[in-house]
Trainee: 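Supplied in structure tokens, the structure appears directly below.
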Amino acid sequence: AIKVLAGTAELFVGAITDLDITYEMPNLSFASIVSADGLYELSRTALTAFSPSSQLTSDRVSAILNRPEVNFSTALRDISTGVATCGTVAYNDNTNTLSALQAVAIAEDGRLFANRRNQIVFDPRIDFTFSTAIASFGGTASNNIPILAIGVAYGQETLFNRVQVDVDGGTAAQVVSDATSQTKYGVQTLSFSSVPLVSEAAGATLAQNLLDKYKEPKIRFNEISTSLNACGSALWPTVLALDVGDVISVTKTYTAGLPLSRTDSVFIESVAHDITPNDHRIRFGLGQAQLLTAFILDSDILDDVDVGLG
């Protein structure tokens with residue numbers, strides 16, 4: 001096992017997969033270490049044939065991890081309750097474990113990843129969140145984390161106006177489309193095969209959910225970077241604790257034009273560390289988030305798209 005720390009903060013926990021040592025005569029030696037997280041371990045296992053009954057996606061993840069041929073530690077799991085239901089699926093011998101889990105994540109339209117503590121995390125369907133940002137990047141407040149670089153995306157990488165979902169065991173593909181979007185941008189198809197959902201109706205619901213999310217391109221912050229040198233030690237605990245799935249606020253300011261600033265709440269979708277003797281840079285990949293404010297009784301804002309009922 002290997003653990004990478006910044007002070008006492010865990011940046012990565014995993015297993016060593018390769019250790020190479022080279023020698024430079026007369027007295028120097030160099031060690032090169034390659035390591036991987038729990039997802040890699042799961043990719044190296046395969047299921048024996050079994051047919052679980054209909055169950056929530058989160059229960060299906062647990063059922064796969066509990067298989068004796070997988071035997072993944074319960075201490076290394078963080079599985080949230082799903083909203084979608086998997087059907088009775090006949091898993092064949094030698095089905096790759098990670099592929100089976102990723103298919104469940106597709107059925108849920110959620111996340112499956114290994115966090116920085118090497119726990120396998122399953123997050124439920126990503127539609128909207130009542131969460132507030134746990135850290136703020138950019139802006140002028142003293143507790144805002146400085147931004148060294150920021151990426152803005154607006155393109156076809158998140159544009160799909162035709163979605164096709166083939167449910168495992170189903171007889172017809174579930175297809176939804178948006179004619180207005182297709183007229184503006186052409187046909188852009190997102191398709192999934194053998195999705196382990198309980199019914200074709202569930203497949204249609206998944207397809208509609210994906211279409212609503214991706215039928216219009218959005219200007220979005222897709223990446224930011226900072227460094228511990230730029231942050232100062234007071235902000236280190238906040239920066240080093242951030243992980244995939246956290247909601248953060250990002251502010252970009254401009255010297256001219258209107259508006260003079262833009263602030264978005266976004267999900268963290270990836271974290272990368274670049275550590276040198278002189279600096280420690282951190283790059284966050286970002287995904288769009290719709291934050292809702294809980295509806296308050298005796299107010300008149302229920303029809304606001306940013307207000308919801310929990």
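As a basis for the values below, the full set of heavy atoms in this structure was taken, side chains included, without hydrogen atoms, waters or symmetry mates.
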Trainee: Verify the distance criterion only: is there a donor paired with an acceptor across the side chains of N66 and R77 at less than 3.5 Å?
Mentor: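 Yes - a donor-acceptor pair under 3.5 Å links their side chains.
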Trainee: Could you tell me whether the side chains of S191 and Q164 share a donor-acceptor contact shorter than 3.5 Å?
Mentor: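 S191 vs Q164: no donor-acceptor pair found between side chains.
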Trainee: Are a donor atom and an acceptor atom from the side chains of N118 and D37 found within less than 3.5 Å of each other?
Mentor: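 There is no such pair between these side chains.
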Trainee: How are the rings of F160 and Y214 set to each other: parallel, tilted or perpendicular (split at 30° and 60°)?
Mentor: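 Rings of F160 and Y214: perpendicular, over 60°.
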Trainee: A quick test of your reading: do over 12 heavy atoms of other residues, nucleotides or ligands sit less than 6.0 Å from NZ of K218?
Mentor: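 More than 12 heavy atoms, drawn from other residues, nucleotides or ligands, come within 6.0 Å of this atom.
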Trainee: Within 45 degrees of the axis of the six-membered ring of F267 and under 6.0 Å from its centre: does R111 put its NZ or CZ there?
Mentor: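 Judged by the rule, R111 and F267 form a cation-pi pair.
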Trainee: Between D93 and A49 (side chain of the first, backbone of the second, donor and acceptor by atom type, cut-off under 3.5 Å), is there such a pair?
Mentor: yes
Trainee: Test your reading of the model: is there a side-chain donor-acceptor pair from T97 to the backbone of T45, 3.5 Å cut-off?
Mentor: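 Checking the backbone N and O of T45 against the side chain of T97, a donor-acceptor pair under 3.5 Å is found.
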Trainee: Is L56 linked to V104 within one hydrophobic cluster, defined over Ile, Leu, Val, Met, Phe, Trp and Tyr using a side-chain heavy-atom separation of less than 4.5 Å?
Mentor: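 No.
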Trainee: With a 3.5 Å distance limit and no angle check, can you tell me whether T85 reaches the backbone of V198 through a side-chain donor-acceptor pair?
Mentor: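 No, the answer is negative, given that no donor and acceptor are paired below the 3.5 Å cut-off.
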Trainee: What heavy-atom pair brings P217 and L159 nearest, and what distance separates the two atoms?
Mentor: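 Between these two residues, the closest heavy atoms are CD-CD1, 3.7 Å.
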Trainee: When you look at OH of Y23, are more than 12 heavy atoms from neighbouring residues, nucleotides or ligands closer to it than 6.0 Å?
Mentor: no
Trainee: Hydrogens and angles aside, do N161 and D178 bring a side-chain donor and acceptor to less than 3.5 Å of each other?
Mentor: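 Side-chain D/A pair, N161 to D178: absent.
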Trainee: Would you kindly say whether D20 and S32 are connected by a side-chain donor-acceptor distance under 3.5 Å?
Mentor: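 Not at all, the side chains of D20 and S32 share no donor-acceptor pair under 3.5 Å.
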Trainee: R220 and side chain to side chain contact (heavy atoms under 4.5 Å, CB included): which single residue from V152, V250, V266, T158 fits?
Mentor: T158
Trainee: Under a 3.5 Å threshold, yes or no: a donor from one side chain and an acceptor from the other, between Y185 and Q156?
Mentor: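 No.
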Trainee: Under the criterion side chain to side chain contact (heavy atoms under 4.5 Å, CB included), which of L98, T48, L42 is the partner of V70?
Mentor: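 Option passing the side chain to side chain contact (heavy atoms under 4.5 Å, CB included) with V70: L42.
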